[in-house]
Amino acid sequence: MPSHTPQTAPVADPAGLHAAVLDWFAQHARDLPWRDPDCPPWGVLVSEIMLQQTPVVRVLPRWRAWMERWPTPADLAAAPTADVLTAWDRLGYPRRALRLQEAARAVVERHGGGVPADPVALRALPGVGEYTAAAVSSFAFGIPETVVDTNVRRVFARAVGGTALPPKALTRAEMRLAGALMPADPDDANRWNAAVMELGALVCTARSPACERCPLLERCAWVAAGSPAPQIAPKGQAWAGTDRQVRGAVMAALRADGRLPPDAVRERAAAVGRLGAHAPTDEQWERCVAGLVRDGLAVADDDGALRFP
DNA sequence: AATACGGGGAG
DNA sequence: CTCCCAGTATT
C-alpha cells in the first residue's frame, strides 16, 4: 500500500448501518415533489439550486410556481431576466436565480435542452458545484455519485467520527469516508444519498438532535462518547447593517416597484427592505448599488433609475 | 484557506 | 438576538 494513500478506519458493520438508515428512510421520508419518480431532471436541478442554503419549507412554494411557469430549461432560457429575479422572490442569494437561468441557457446550447446526467457536464453549468452535480446525477438519473452536503457531514461526524460537528470546511477525509460508506448496489446507493441527508435534516439536526428517534442511536460514536458539546462555538454571521442586508433591501424594492427613480431608491429600499434603524451611509449605498450592477442583478438607466436586467 | 453572498423561523 | 439552512464563486 503506497504510503501517500490516506486510510479510513472501517466502520464496524456497514451492512447494518445501511439497513438501519434505509429502513428508517422508507418509513419517514418526506413526500417532496422533486422526489416524485415523475419529476423531470430539470425539476431536480431547480430544487437543488433553490435548496443551496435555503430550507425545504421555504423552497416548496417557490419551486411549484417555478415549475409551472418554466416547465423546461428552454422555457427559463427564453424568459426575461427581470421575471426570473422577481419569481425568485425572497429565497435569498438572488445570484442563484441568475445562475439558474444561465444554466438553463447552457443546457439548451450545449445539451439540446436536456439536463445532462454526467456529473462532469453538470459541474460545468453555472451555479452547479461539487454537491449539486453529484446530487442531480444521483437523484435525477440514478448515477450513484457520492453526495455530501451539510447534513451528510454532520451525520457522519457524529455517527462515525464521534464529534458534535464536522470541520468548518469539507475535508478530503470526509469525502473519503462518505465514498467508503456508499452501498455497493446502485439503487441502494442512490437511496442512501437521500436517506442520510434526510436523517440529518429531520433527526440528527445541528441544534438539538432527536437522538431518541434515531435509527443509529445504538451505533453512534458521538452518543457512545457521551454526546460531548462542540469544541468551538461557531461565530455568528453578521446581518444588521451589512452590505448583504442593504443589497437585499434594494432587491426587495425592485421586486415591489419594478423600477426605482434615483430620488426614490433609498426611501423605497428602506421601507420595503425593512432596514429600520440601520440607515446606510452614502458610501454604503453607492457600494451596494454598484455591486448589484456589477453582479448583473440590476441595471442603471441613463436617468439614474435602477431596474432589473 | 477565507470571504462574500439573503432571508427567515426556531430556540 | 443568535444560529442555521440540500453551497458556490472568487480572492
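By convention in this document, chain letters (A, B, ...) are assigned in the order of the sequence lines, proteins followed by strands, and residues within each chain are numbered from 1. Every heavy atom of this structure was used, including side-chain atoms; hydrogens, water molecules and symmetry mates were not.
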Pairwise 5' ranking along DNA chain B for A/Leu170 and A/Asp243, keeping only the more 5' one =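 Comparing both residues, the 5'-ward one is A/Leu170.
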Check: A/Arg35 side chain, A/Arg30 main-chain N or O, donor-acceptor pair, under 3.5 Å |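 Such a contact is found between A/Arg35 side chain and A/Arg30 backbone.
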Would you say the side-chain atoms of A/Trp42 pair up with the backbone N or O of A/Trp70, donor to acceptor, closer than 3.5 Å?
->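 Yes; at least one donor-acceptor contact below 3.5 Å.
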Between [N] and [M], how many Å separate the two [atom1] atoms, rounded to a whole number?
N     : M     : atom1 : result
B/dG8 : C/dA9 : P     : 24 Å
C/dT8 : B/dG9 : C1'   : 24 Å
B/dC5 : C/dA6 : P     : 23 Å

At under 4.0 Å between heavy atoms, what does [X] touch on the DNA or RNA strands: base, sugar-phosphate, or nothing?
X        : answer
A/Gly129 : sugar-phosphate
A/Thr205 : nothing
A/Ala206 : sugar-phosphate

Nucleotide nearest A/Trp239 when distance is taken to its side chain, options C/dA9, C/dC5, B/dG6 |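 Closest nucleotide among those given: B/dG6.
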Return the nearest nucleotide to the side chain of A/Arg255; candidates are B/dC5, B/dG7, C/dC5.
->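 Nearest listed nucleotide: B/dG7.
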Below the 4.0 Å mark, does [N] have OP1 or OP2 next to a side-chain nitrogen or oxygen of [X]?
X        : N     : answer
A/Arg58  : B/dG6 : no
A/Arg247 : B/dG6 : yes
A/Arg153 : C/dG7 : no
A/Arg274 : B/dG8 : yes

Keeping to residues at least two apart or across chains, list the salt bridge (charged side-chain N to carboxylate O under 4.0 Å, His left out) pairs with something in residues 113-130 of chain A.
->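 Applying salt bridge (charged side-chain N to carboxylate O under 4.0 Å, His left out) to every pair that reaches into residues 113-130 of chain A, excluding sequence neighbours, yields A/Arg123-A/Glu130.
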Can you check the [X] [atom1] to [N] [atom2] distance for me, whole Å?
X        : N      : atom1 : atom2 : value
A/Leu125 : C/dT8  : CG    : P     : 12 Å
A/Leu275 : B/dG7  : CG    : P     : 10 Å
A/Asn151 : C/dC3  : CG    : P     : 19 Å
A/Arg123 : C/dT8  : CZ    : C1'   : 8 Å
A/Met251 : B/dC5  : CE    : C1'   : 12 Å
A/Leu100 : C/dT8  : CG    : P     : 13 Å
A/Asp295 : C/dT11 : CG    : P     : 11 Å
A/Tyr93  : C/dT10 : OH    : P     : 15 Å

Nucleic acid contacts - residues 41-57 of chain A versus DNA chain B, non-hydrogen atoms under 4.0 Å =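 DNA chain B contact set from residues 41-57 of chain A: A/Gln53, A/Thr54, A/Pro55.
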Of all of residues 17-37 of chain A, which get a heavy atom below 4.0 angstrom from DNA chain B, listed by number?
->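 Correct list: empty, so none.
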Identify each donor-acceptor pair in which a side-chain atom of residues 139-150 of chain A lies under 3.5 Å from a protein atom, sequence neighbours left out, and give them as a table.
{"from": "A/Asp149", "atom 1": "OD1", "to": "A/Asn151", "atom 2": "N", "distance (Å)": "3.1"}
{"from": "A/Asp149", "atom 1": "OD1", "to": "A/Val152", "atom 2": "N", "distance (Å)": "2.8"}
{"from": "A/Asp149", "atom 1": "OD2", "to": "A/Asn151", "atom 2": "N", "distance (Å)": "3.4"}
{"from": "A/Asp149", "atom 1": "OD2", "to": "A/Asn151", "atom 2": "ND2", "distance (Å)": "3.0"}

Can you spot which of A/Leu45, A/Val115, A/Val46 makes a side-chain contact (heavy atoms from CB on, under 4.5 Å) with A/Pro73?
->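 That would be A/Val115; it is the only one of A/Leu45, A/Val115, A/Val46 passing the side-chain contact (heavy atoms from CB on, under 4.5 Å) with A/Pro73.
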Between A/Tyr131 and A/Gln52: side-chain donor-acceptor atoms closer than 3.5 Å |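 There is no such pair (donor and acceptor under 3.5 Å, judged by atom type) between the side chains of A/Tyr131 and A/Gln52.
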Can you find an N or O donor on one side and an acceptor on the other, under 3.5 Å apart, linking the side chain of A/Arg90 with the base of B/dG7?
->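 Under the 3.5 Å cut-off, the side chain and the base do not form any donor-acceptor pair.
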Can you find a donor-acceptor N/O pair under 3.5 angstrom joining the side chain of A/Arg207 to the base of C/dC3?
->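 When only heavy-atom distances are counted, A/Arg207 does reach the base of C/dC3 through a donor-acceptor pair under 3.5 Å.
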Distance-only donor-acceptor hits, side chain of residues 200-214 of chain A, under 3.5 Å, sequence neighbours excluded:
{"from": "A/Thr205", "atom 1": "OG1", "to": "A/Ser208", "atom 2": "O", "distance (Å)": "3.2"}

A/Arg172, CZ: over 12 other non-hydrogen atoms inside 6.0 angstrom |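 No, the 6.0 Å shell around CZ holds no more than 12 heavy atoms from other groups.
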Listed partners of A/Arg244 passing side-chain contact (heavy atoms from CB on, under 4.5 Å), at least two apart =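 With sequence neighbours excluded, A/Arg244 shows a side-chain contact (heavy atoms from CB on, under 4.5 Å) to A/Tyr93, A/Gln237, A/Trp239, A/Thr242, given in chain and number order.
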Closest-nucleotide 5' rank along DNA chain C - winner of A/Arg95 and A/Ala135 =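 Residue closer to the 5' terminus by nearest nucleotide: A/Ala135.
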Residues A/Arg268, A/Asp263: salt bridge by 4.0 Å N-O rule |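 Salt bridge flag = no for A/Asp263 with A/Arg268.
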Assess the pair A/Trp88 and A/Trp66: is the distance between their ring centroids shorter than 6.0 Å?
->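 Here the rings of A/Trp66 and A/Trp88 have centres that are less than 6.0 Å from each other.
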